[in-house]
Structure formats: structure tokens, C-alpha cells
Amino acid sequence: MSQSEARYTVRSLIITAVISVIGTVLALETAGRIDHSDNKDHVPVGEFEAIHVTPDEPFRMSPKASELHAVCENGYLAIAADVDPDFRGILVDYKNRGVRCARPSPTGPAVPEQGASDE
């Protein structure tokens, strides 16, 4: 096929693909097929990985800090976003068990009581 026989340019094909994607998203949005949930109850805050650190073995970690910080929430470790500190989630293991902030007392309750205050 020679240059004079070309019916479509590369630019027109790219523009057509972009318009098709935008049109599809708009059609799905207007039909209500795209779900925008405002419920933050069961939204994962992030995915984490533990690094085993030993004194004689170096480990590699990014020099950049993440945009998350950890706080102790009712005895369990919670992860919160720096941009929205109210958006936090309790860190759990693969069996959905909470990760404690500190080692529990052998004589204390297993889970800190809700609403307990120093009187």
C-alpha cells in the first residue's frame, strides 16, 4: 500500500481511540454502571510488607517516606494518611487479626476496653 492509498493517519486513529475510551466511560457513568462509594468502612488503606531485620544483614528500603503514618488506636496499630488523618484503618494480618501496638500485660484484659477513662 503506497502513501497515496493510506485512508487513515496515525493521528486520526489515536484520536479515535481516545474519544472512544472517554465516550465509553461517560456512557457507563450516565447509565450508573460505575459505582462511586463514599463508604470508607471496608476500603483498604494500603498494602504492606514486613521486612525481617537482623543485626548482621543489611536491608534495602526506599529513601522516600510514605504518605502514611501509624498511630495506636485502642491498643491496635492503625495506619492513617498524612493528607487525611481521619481516614485510618487498623492493621490486620492475613487472618484479619489486629496487630497490637504493645505487648499485652499477662494480667490485663486481652482487648482494651472501649470508653475506659482514668477517673
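These numbers come from the heavy atoms of this one structure, side chains and all, not from hydrogens, waters or symmetry mates.
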Donor-acceptor list for residues 14-24 side chains, cut-off 3.5 Å, not counting sequence neighbours:
{"from": "Thr16", "atom 1": "OG1", "to": "Ser12", "atom 2": "O", "distance (Å)": "2.7"}
{"from": "Ser20", "atom 1": "OG", "to": "Thr16", "atom 2": "O", "distance (Å)": "2.8"}
{"from": "Thr24", "atom 1": "OG1", "to": "Ser20", "atom 2": "O", "distance (Å)": "2.8"}

Which other residues end up in the same hydrophobic cluster as Val25, if Ile, Leu, Val, Met, Phe, Trp and Tyr are linked when side-chain heavy atoms come under 4.5 Å apart?
Leu28, Ile34
Heavy-atom closest pair (Ala78 atom, Ile90 atom, distance to 0.1 Å) is CB-CD1, 3.9 Å
Applied to residues 69-80, the salt bridge (Lys or Arg N to Asp or Glu O under 4.0 Å) test, sequence neighbours excluded, yields Glu73-Arg88
Qualifying salt bridge (Lys or Arg N to Asp or Glu O under 4.0 Å) pairs with a residue from residues 9-36, counting only residues at least two apart or across chains
none
So which pairs with a foot in residues 54-67 pass side chain to side chain donor-acceptor pair (under 3.5 Å), sequence neighbours left out?
Thr54-Asp56
Taking side-chain contact (heavy atoms from CB on, under 4.5 Å) as the definition, give me every residue that meets it alongside Val83, ordered by chain and number, with sequence neighbours left out.
Ala81
For Ala27, give me all partners under side-chain contact (heavy atoms from CB on, under 4.5 Å), at least two apart in sequence or on another chain.
none
Return the set of residues passing side chain to side chain donor-acceptor pair (under 3.5 Å) with Asp93 (not counting sequence neighbours), or none when no residue passes.
Arg97
All side chain to side chain donor-acceptor pair (under 3.5 Å) counterparts of Asp82, not counting sequence neighbours:
His69
